[in-house]
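Values in this document were obtained by computation on a predicted structure and should not be read as measured data. Nothing fancy with the numbering, it's 1 onward along the sequence.
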Amino acid sequence: MAALLRSARLLKCSPALLLQVTGNTRHAPAAGRLYSGAVGTPHVGLCVQQRGLVKDEPSVAVRSKQAQQFDWALAKLDSSVRRTGRVTKTLLLHIFHDICRTGYPSGNQALLMLRSCGSLLPEVPLVERIELSQRIWDKLQELGATYDVSHYNALLKTYLQNEFRFSPTDFLAKMEAANVQPNRVTYQRLIAAYCEVGDIEGASTILGFMKSKDLPITEAVFNSLATGHARARDMDSAEGILSVMKGAGIEPGPDTYLSLLNVYAEKGDFAKMKQTLEMVENADIHLMDRDLMQVVFSLTKAGHQQYVPEIVERMHHERGYVPDAMNLCLSLITHGHEETAFSVLKSFTGLLVQSQTSDSPDLGNFFLRHCVNMDKSVENIVRFCKDLKDSGLHSSPLQFTLQCSLEAKKTGMAVELMRRMKEEGVPLRPHYFWPLFTHYQKEKNISGTLQALRAMQELGVASDMDTFSIYILPSFPSVDSARTSLKEAGIDVDANILIAAELRAEASRGNLAGLFSLKPLLKSPLHLLLQITELLCKDPRFNSTEPETSENVAYFLYNLIDSMNETEVHSKEEQLREYFGLLKNMNISISLNIFRGIRNILESYQVPELVKEIACFHVVKYGGCWSVTSHHSKPVVSICVSMCVVELCLSHQKLERALELKILYEADMTPAAYAMLINLCCRHDNAEEALKLKMELARKDSEVALDAQKYVALVRVLSKHGKLEEAIDMLKEMKEKDVQLRDGTISLLTLTMNTAAMKGDANSIRRLQEAIFTLGLAKPSSNLCSPLITCYLESGNYAGAFDATVEVHKQYNQMPKIHDLICGLVEKGDAELLQNVVEFLSQERGEMMMLYDLYFAFLQTGRYKEARKIIETPGLRARPTRLQWFAEKCIAAQQMEPLENMVDMTVKLFECDRDDMYHCLLRLCKETNDWQKAEATWMKMQEENLAPRERTLRLLADILKNNDKEVPFEVPEAYDMLKEAGSTGMVLGPAPYDTLIKALLAKGNIEDAMAVKNIATDHVPEFSLSDNANSLLIVSQVKRCQMKDALGTLKGMLQADQVPSQLAITRLVQGLASEGNTQDIQEVEALVKTLGSIKLSSMLFVNNAALAHIKNEDIDSAVELLQSFYIQNTDNQKSSISFVFRKVLDANNDAALDKLSAMVERLCNHFASYRAATDLFLMYLDTGRTEEAKFLLQVLCCILLPVQAAKIKALSELIPDFTEKENIYSHLVKCCGLDKDFSSAKALYERMQAEGVKADELTLKRLALLYKEAGEPVPFEEPPESFSFYADKLKKQRSESMEPADC
């Protein structure tokens, strides 16, 4: 083809002859969306295979990761385009660098990047866009991206949008050299390239070639020819394109008339423009505002700005007008037409004013910023600012423009703007210069720093201490060099400010000697410190706030302590104590953060006396000691009662027993126990008891609030049983106590109202909705509003459902169940009511949304003929979210027929993503295992000449493979590719090797994985394992107990700036714990702290460090670690150590279990910390150790209140199958002894005799004492030894009974 074009100059071809095409199908223009491909017709292309030379065909795993990265990049760019209609160069480069860093770019990623280098970058000059596109092309190709014809087409589009002049002949030759065959889109864009420069001969040659290949001639070709004839100064032929199109059976569309308008705009023929606009109106064709903006741009570029206002007046201000107009302004500024851009800006600021919510308007920020970035003259910028301010559109345009110039590091412009601000009486602040100083400081540009400082003085801006200490002095190697440079530059600085800045600078650098050297005339360092402190604290030049709260003092004090090492602190401890004592007399108070910082430093240096001294500086009393009294406001027996209630509630079968327990211990019931009982009553549908319990709880403590789920459960059960007022009261209480609803609880509210809907109770639904929305518990949503409509639909009352829909929309701006309503009316055949619904939808949601609603209803009810008429409505565009919604609905209901019809009908729908449509259809084929339908779908995709995404091909391949059918295309695997490459001698890139290594490591095959790594290194010297591969290597090494190797791999990853996976770190720490390696666990914890992006369990290191101590038989250290963890911070009460208990129980380590159980009792007894006890209790239950669980419950009941004999007795009755009755009776006898209750003890002994319960010697000793004190004979032989003897003996027996049986 390239050779053909070279010889075409010898021929004289007439385009009119070449345009004699057959058929009357109108071909839609290419979609302009970021992710859309060229829209064509189901004609046969030039060739099936259109790939270039394949370097490295990625594996399935790599392609999967590429697809994920592509989706991420697409979402980023698409979000930007949806919001603003453009992409910033910063965002594009960020995605580009991320793709390069990750490596192995896919073809889709390359295509996405190339398509973003054109008109989506209005803020970037054309030359820079071309350079960027070429840079992306070369770099991604270097990284292994495979380019096919779509990439070359995208590059062509970029050339066209950026007005880049290139040789189509050379471009085709480049494609031929890469073994890539051009397709119809390639030829269309090459024609456009020829026409851009008025080369009709070149365009005619390609037209002839397309004709010989029977390729369709689309509207886009005619549009290009109109432009080409005009630029060849043949206006008659350009205008004649319309009749040629009609003769070819193609009706001119908006793009054709837009091409003519642009042609006339370039000529400045406004009369013809008006005539063309009238033709458009008469032809009932709609030109969008975006189209007219292209005309404005063409007029301005051609120097005919005088006609711009008339075109602007014709705009309809459609949805999306403002971002499009902003992009027009940006493009005009970029091309040097800021005056026209400003006139366009002022034409749509009225729309922006309506959306302005602040009292200080800031309209035009984007305009001013871009003027600064494009280095427009200060005169023009100041004039624009004045106009914006005088018009009331911007409150402080000059200040904002100054900010932009400072951020852009444009010193000259910034200084000039500040000079203008000063002339207008706007006060200048020192911090205006800080961005300049920061920039110069980073670049070590001393001359720039001096220049900015000189500008400050020329403008009369006094430099304060912050400016000097933070932004000026750090630019110099030392304070002396700064002083010298300032003097040589002739810059006068207030001596006191410079001294204070030097003090802060030296303190921040940790230079204690430098601090002391600043005042050599003072008698001692202590006097120096005091004078520095007094200067910072009391001098109004340095401290405008209250002296006692001076931040300067706190800053100086922290840096002073931080600059001293441990030796210096110990050697100067007396001086520091004296210094702190003197500061105490000055009533110094510092912030909490700085106080903690100083305290932590001093504690690490082990100087407790200094810690005590520093404590006096802060208004909050220093100390974190646990107060036993403050943490035992509730007796432990109450906690035990709550635990019993919880245990009984969890069984779901013991509501009556739980209520009995509640009656016995009503005085000791905690809010948590009430909450569990209320929830259980709701589960059992017991509205009366649930409400009663809630009222009791409110009487006991009116401040207590339930969680959202329990409140909603109450609302549900109360409303279900007709207690609507009480249910609404619960909602009001939620509002009063600020109980927040989450998605899960909101769903429960919807379920509650749906229950009322099934009963036809519309009044209850309205009351509940009104309460929920009025109180602000939840925002009105489709789900929350739908029950009211459902109520009428279930009874077949469609008129009522419509009235309810109008009501809900009016009150809450929601329109739920509209699809169900329309479907019901279509099936019923109620045309009159359906017409009312359609008119309502059209008025409230717009005609397009109404058409989609009607379309889906026809599809759902099988009215496919009517549905096709709807979807073929002129001007209707694809709505991806709506189409996806209906597709998901069909997939969920396994409705193949309506989904298949939708896919067929949307083939010509503008901007419809055909791959998405077929992917949904194939998903349903997989759900129904219908391989015949999948195979037929594949044939339709080929007829459409569709290039499906890899996810679609993989899905189709899975369906066929699962049914033992041949896959008609290749889906290569990593192993197959490497095998084939080895047999053919092909040199592969890094992608296949990395994938195979990960596959081998996933199976634990380290040796083979490392062998493949060595091979890869030989063929690709720069090869290295990816993040995922290294993470898998760590896991495999841990499985083989190669802990040192695993730790080395982790360190290597961090050094290479790689991020290990959460699983890899977790397995490594657990592996170290199994070996008792506490030191390496601490090292891993320190390494991982540098990674902020990994979400690890908060207890990973604590639990495994404890297990490591236990492994080393250092149980005391484990206990100390866990106990200190709970008692040092109340926030840790939510953290669980179940993992430790599980490991200890699984290992049958009774020695560790004994000490951990003792720790649990201590935490409950002395520190009111119950999380560990709960963990152990639940772990006992989880492992089937019910006896240990009951024993733990028994022990906890007797920690603080042994006198509660009646309660212990009641507990034992509620748990009749409790086997350790000796322990219960022993505790009861002890309680009787403490209460001196002989009658109860006597009755208890008689009961023990009757039940055959054998009493231990300590219990008999206690009973004997009670009999003697009552003056009655002892009915058994009293044990002869003392109480302490039998207590020690019993303790020893219990200890021995816990030893393993096989010891």
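Rounded to the nearest 0.5 Å, atoms CG (L851) and CZ (R879) are 11.0 Å apart. L921 contributes atom CG, which lies 5.5 Å from atom CE of M896 (distance to the nearest 0.5 angstrom). Annotation: the span from S133 atom OG to M113 atom CE amounts to 11.0 Å, rounded to 0.5 Å. Remark: L1033 CG to M1010 CE distance equals 4.5 Å, nearest 0.5 Å. Here the CZ-OH distance, from R914 to Y918, works out to 5.0 Å after rounding to the nearest 0.5 Å. The distance from atom CZ of R863 to atom CG of L854, rounded to the nearest 0.5 Å, is 11.5 Å.
When all heavy atoms of L114 and T158 are compared, the pair lying nearest together is O-OG1, 3.1 Å. Taking both residues in full, the closest heavy atoms of E966 and L960 are given as O-CD1, 3.8 Å, listed atom of the first, atom of the second, then distance. The heavy-atom pair separating C920 from I891 by the smallest distance is O-CD1, 3.6 Å. What you find for V903 and T906 is that their closest heavy atoms are O-OG1, 3.3 Å. When all heavy atoms are compared, the tightest approach of L793 to D820 is CD1-CB, 3.8 Å. Residues K817 and S786 approach most closely at CG-CB, 3.9 Å, considering heavy atoms.
In this structure, the salt bridge (charged side-chain N to carboxylate O under 4.0 Å, His left out) partners of E1007, at least two apart in sequence or on a different chain, are R1040.
Side-chain contact annotation: N929 with N963, donor-acceptor N/O pair under 3.5 Å present. Between the side chains of N1030 and Q1058, at least one donor N or O sits under 3.5 Å from an acceptor N or O. Q860 and Q895 share a donor-acceptor pair across their side chains, judged by distance under 3.5 Å alone.
Side-chain contact between E219 and E251 is absent, with no heavy atoms from C-beta onward closer than 4.5 Å. Side-chain contact between V907 and M917 is absent, with no heavy-atom pair separated by less than 4.5 Å. At a threshold of 4.5 Å between non-hydrogen side-chain atoms, the residues R189 and K157 count as touching. Considering only heavy atoms from C-beta on, H819 comes within 4.5 Å of W885 through its side chain. Residues D138 and Q134 meet the side-chain proximity criterion, which asks for heavy atoms closer than 4.5 Å. Between Y864 and P898 there is a side-chain heavy-atom pair separated by less than 4.5 Å. In this structure, the side chains of Y855 and E866 stay at 4.5 Å or more apart for every pair of heavy atoms. The closest side-chain heavy-atom distance from T186 to M175 is below 4.5 Å.
Residues Y152 and W137 bring their aromatic ring centres within 6.0 Å. For Y187 and F209, the ring centers are positioned less than 6.0 Å apart.
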For the pair H151 and V180, evaluate side-chain contact (heavy atoms from CB on, under 4.5 Å) and give the outcome as yes or no after the intermediate values. CA-CA 10 Å; H151 296 88; V180 176; over 6 Å; no
With side-chain contact (heavy atoms from CB on, under 4.5 Å) as the criterion, how do W931 and N962 come out once you've worked through the C-alpha distance, each side chain's angles and the decisive distance to 0.1 Å? CA-CA 9 Å; W931 67 268; N962 291 339; over 6 Å; no
Under the side-chain contact (heavy atoms from CB on, under 4.5 Å) criterion, do F1023 and D994 qualify, and how do the steps go? CA-CA 9 Å; F1023 178 81; D994 186 74; 4.2 Å; yes
Set out, in order, the CA-CA distance, both residues' side-chain angles and the distance that settles side-chain hydrogen bond (donor to acceptor under 3.5 Å, both in side chains) for N783 and T750, then state yes or no. CA-CA 7 Å; N783 283 343; T750 304; 5.6 Å; no
Please lay out, stage by stage, how F171 and Y159 fare under the test side-chain contact (heavy atoms from CB on, under 4.5 Å). CA-CA 11 Å; F171 191 88; Y159 286 169; 3.9 Å; yes
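A donor-acceptor pair is defined here as one N or O able to donate and one able to accept, closer than 3.5 Å; no such pair exists between the side chain of D98 and the backbone of H94. Of the possible donor and acceptor atoms, one in the side chain of S1036 sits under 3.5 Å from a partner among the backbone N and O of L1001.
The side chain to side chain contact (heavy atoms under 4.5 Å, CB included) test with L1063 singles out one residue from V1035, I1034, L1032, and that residue is V1035.
K174 NZ: more than 12 foreign heavy atoms inside a 6.0 Å radius.
Between D853 and R882 there is a salt bridge, since a side-chain N of the basic residue sits under 4.0 Å from a carboxylate O of the acidic one.
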